[in-house]
Amino acid sequence: MLDLRFVRQNAEFVRDALTRRGGEFDLAHFAQLEQTRKSLTERAESLRHLRNTASKRIGEMKRLGADASEAIAEAEAARGELSAANAALESFESEYRNYVLGLPNLPEDDVPDGASEIDNVEIGRVGAPPKFEWTPRDHIELGAKLGLEFERASRLSGSRFALLRGDLARLNRALASFMLDVHVHEHGYEEVNVPVLVRRDTLVGTGQLPKFEHDQFHVAGDEDMFLIPTSEVPLTSLYRDEILDAARLPLKFVAHSLCFRREAGSYGKDTRGMIRMHQFEKVELVQIVAPQDSSEVLETLTRHAEIILERLELPYRRMALCAADLGFSAARTFDLEVWLPSQKRYREISSCSHCRDFQARRMGCRMRIESGAKGMIDFPHTLNGSGVAIGRCLIAVMENFQDADGNIVIPDALRPYMGGAEKLFAKSATKQ
RNA sequence: GGAGAGGUGGCCGAGCGGUUGAAGGCGCUCCCCUGCUAAGGGAGUAUGGGCUAAUCACCUAUCGAGGGUUCGAAUCCCUCCCUCUCCGCCA
């Protein structure tokens with residue numbers, strides 16, 4: 001949620017910033033809403049004041065044994081007006097709230113301009129794409145002999161599901177363990193095991209709702225619950241509705257979780273293979289930090305994700321997303337893209353975002369700056385990043401580390417997690 | 001799923017229709033006294049919104065959430081959410 005006081009005072013700046021992301025912000029409409037809100041609250045509050053003072057007088061008179069009928073009549077008279085004013089205010093407020101919750105975050109000033117992902121700016125590359133003396137196989141072909149199954153998975157669950165079997169399942173697990181270990185032991189994150197079902201409010205807090213409900217899996221039944229699209233949701237929400245002692249910041253969390261996405265808008269996109277699944281695994285990094293540290297933290301958090309790719313010897317590049325490609329809650333985002341030999345291009349494997357106070361405001365996560373009586377309260381900044389997506393990373397390992405026979409050389413960093421094995425061997429067939 | 005108990009400020013805990021935004025205690029902050037590691041005295045100490053130069057004052061809201069009764073609700077009624085105990089089921 002935007003700082004409405006700021007929006008009020010800098011409406012034109014806000015309009016320009018939101019326009020940059022391809023959104024719209026109608027100054028007149030906003031001014032109108034503000035005006036309405038102000039007059040409706042003022043009216044309701046002054047009527048309430050009237051009633052309160054009358055009621056208080058009644059109490060005093062009764063205590064003194066005096067006749068309170070005049071005051072009672074006065075209070076009764078205010079009643080109808082008050083309830084009308086309250087009703088008007090309430091119905092307006094839900095409209096207003098919806099509008100405000102639908103406004104995305106403002107891009108930071110130096111986020112590049114652009115109309116779509118085409119305009120994202122490459123910041124740098126690390127590692128050279130491997131050279132093959134054969135036509136590199138894609139992960140589907142490689143996987144067919146290693147335990148990656150789509151047909152059986154879709155029989156169980158439909159399109160955009162996959163099964164991993166045998167060594168490939170283990171490699172997948174190794175990736176998750178490896179990433180967690182690096183982030184916990186080397187980068188200082190606390191490992192958290194999170195719920196993957198959350199309530200509506202939680203998704204409002206991080207920004208997926210109310211606007212993007214169609215992208216979420218909503219559980220059928222009496223419970224109003226959703227499957228998380230990323231563990232950013234529960235991790236960032238850990239301190240929802242709390243006031244943190246600023247001295248405790250930064251908070252650094254890492255989680256390995258399942259993630260669920262309807263992929264409603266992506267029909268026909270990445271339909272082959274396991275690039276885009278309804279269910280996937282991801283190691284997610286989240287930091288809750290003091291505002292003055294946040295810009296620097298975006299860099300270090302992005303580095304934490306990059307280090308995973310570097311340890312795995314995967315070629316990648318870092319992209320600065322242009323304003324139009326930013327997610328709803330992000331003020332700035334770096335994407336990491338890993339080289340996929342079969343596609344001869346870089347594909348997103350991590351997205352690291354700085355949300356400033358946008359999410360903290362929505363979820364009421366605050367911080368007390370000086371402890372004690374005169375403590376000032378402010379919103380911390382939240383950041384998140386994939387560190388990294390496990391399914392896509394598995395694909396990248398398979399494709400980049402394939403040999404001429406379709407086996408997979410296990411990157412050194414993963415060998416300790418694979419019982420010391422150096423290769424996954426393709427089987428002639430994976431019947432049964 | 002069945003039966004019961006409960007949700008009050010940073011924490012514990014009173015209040016059960018009117019001067020209670022909330023006693024008391026703990027914790028914390030500041031001041032004083034005293035001085036050798038402990039103690040005593042005083043003051044302060046919830047959050048959102050409005051207004052404002054203001055983190056003063058004032059108005060307004062909030063005692064799990066939402067509705068209702070009432071001139072007036074932390075207190076009475078209804079619905080929901082959550083926590084705990086016992087039984088059942090279960091990984």
Side-chain angles (χ1 to χ4, degrees), chain A residues 1-9 30-31 33-101 193 195-205 209 219 221-226 234 237-249 251 258 290-291 357 360-380:
Chain A
M1 189 162 83
L2 298 176
D3 178 355
L4 295 173
R5 199 168 299 170
F6 178 85
V7 177
R8 246 174 267 150
Q9 288 162 1
F30 180 74
L33 287 173
E34 280 294 304
Q35 180 53 45
T36 307
R37 187 179 63 95
K38 198 172 160 181
S39 63
L40 286 176
T41 22
E42 274 173 6
R43 168 141 182 86
E45 286 193 357
S46 66
L47 285 168
R48 238 175 282 165
H49 177 58
L50 225 62
R51 184 206 61 190
N52 287 349
T53 48
S55 293
K56 200 165 275 183
R57 217 163 59 238
I58 294 165
E60 280 163 20
M61 291 171 108
K62 288 213 162 166
R63 207 170 334 103
L64 297 171
D67 176 25
S69 54
E70 195 181 314
I72 291 176
E74 190 185 317
E76 269 172 349
R79 208 183 181 190
E81 265 187 294
L82 213 202
S83 76
N86 277 339
L89 179 62
E90 261 171 52
S91 83
F92 171 79
E93 269 186 342
S94 78
E95 175 199 342
Y96 179 79
R97 188 178 142 77
N98 225 43
Y99 173 78
V100 166
L101 287 176
N193 195 292
V196 298
L197 277 170
V198 297
R199 292 207 284 190
R200 182 173 290 273
D201 296 349
T202 308
L203 282 166
V204 171
L209 295 182
V219 173
D222 294 338
E223 304 85 359
D224 190 20
M225 299 196 91
F226 296 84
S237 304
L238 277 180
Y239 288 88
R240 174 148 80 99
D241 290 323
E242 289 194 47
I243 302 178
L244 291 156
D245 183 349
R248 288 177 61 191
L249 302 177
L251 298 174
L258 288 167
D357 61 2
R361 266 178 205 286
R362 287 183 158 240
M363 66 176 68
C365 174
R366 288 152 294 168
M367 58 182 231
R368 178 165 276 122
I369 292 167
E370 304 154 63
S371 60
K374 284 271 159 68
M376 271 185 56
I377 289 189
D378 197 4
F379 292 98

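We name chains A, B, ... by the order of the sequence lines, and we start the count at 1 in each one. Quick caveat: nothing in here was measured; it's all calculated off a predicted structure.
B:G48 atom C1' lies 12 Å from atom CG of A:Asp241, rounded to whole Å. For the pair A:Leu40 CG and B:A61 C1', the interatomic distance rounds to 16 Å; values are reported in whole Å.
Look at A:His49 and you won't find any side-chain N or O under 4.0 angstrom from OP1 or OP2 of B:C59. Checking the phosphate oxygens (OP1, OP2) of B:C51, a side-chain nitrogen or oxygen of A:Lys38 falls inside 4.0 Å.
Side-chain contact between A:Arg362 and A:Val204: present, with at least one pair of heavy atoms (C-beta onward) separated by less than 4.5 Å.
Once rounded to the nearest 0.5 Å, the distance linking CZ of A:Arg368 with CD1 of A:Ile377 reads 4.0 Å.
With hydrogens and angles ignored, the 3.5 Å screen pairs no side-chain donor or acceptor of A:Thr202 with any backbone N or O of A:Val198.
Closest contact between the side chain of A:Arg199 and the listed nucleotides B:C82, B:A61, B:G49 involves B:C82.
Ranked by how close their nearest RNA chain B nucleotide is to the 5' end, A:Ile243 and A:Arg8 are led by A:Ile243. The residue among A:Arg37 and A:Glu90 whose nearest nucleotide of RNA chain B lies closer to the 5′ end is A:Arg37.
Within 6.0 Å of atom CG in A:Asp224, more than 12 heavy atoms from other residues, nucleotides or ligands are found, so the atom counts as buried in its surroundings.
A:Glu74 has a carboxylate O that lies under 4.0 Å from a charged side-chain N of A:Arg57, or vice versa, which qualifies the two as a salt bridge.
Judged by Watson-Crick or G-U wobble contacts below 3.5 Å, the nucleotide B:U70 has no partner.
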>> How would you summarise protein contacts on nucleotides 68-79 of chain B per nucleotide, using B for base, S for sugar-phosphate only and - for none, with heavy-atom distances below 4.0 Å?
In response: --SBS-------
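A:Ser55 is linked by a side-chain hydrogen bond (donor to acceptor under 3.5 Å, both in side chains) to nothing, counting only residues two or more places apart in sequence or in another chain.
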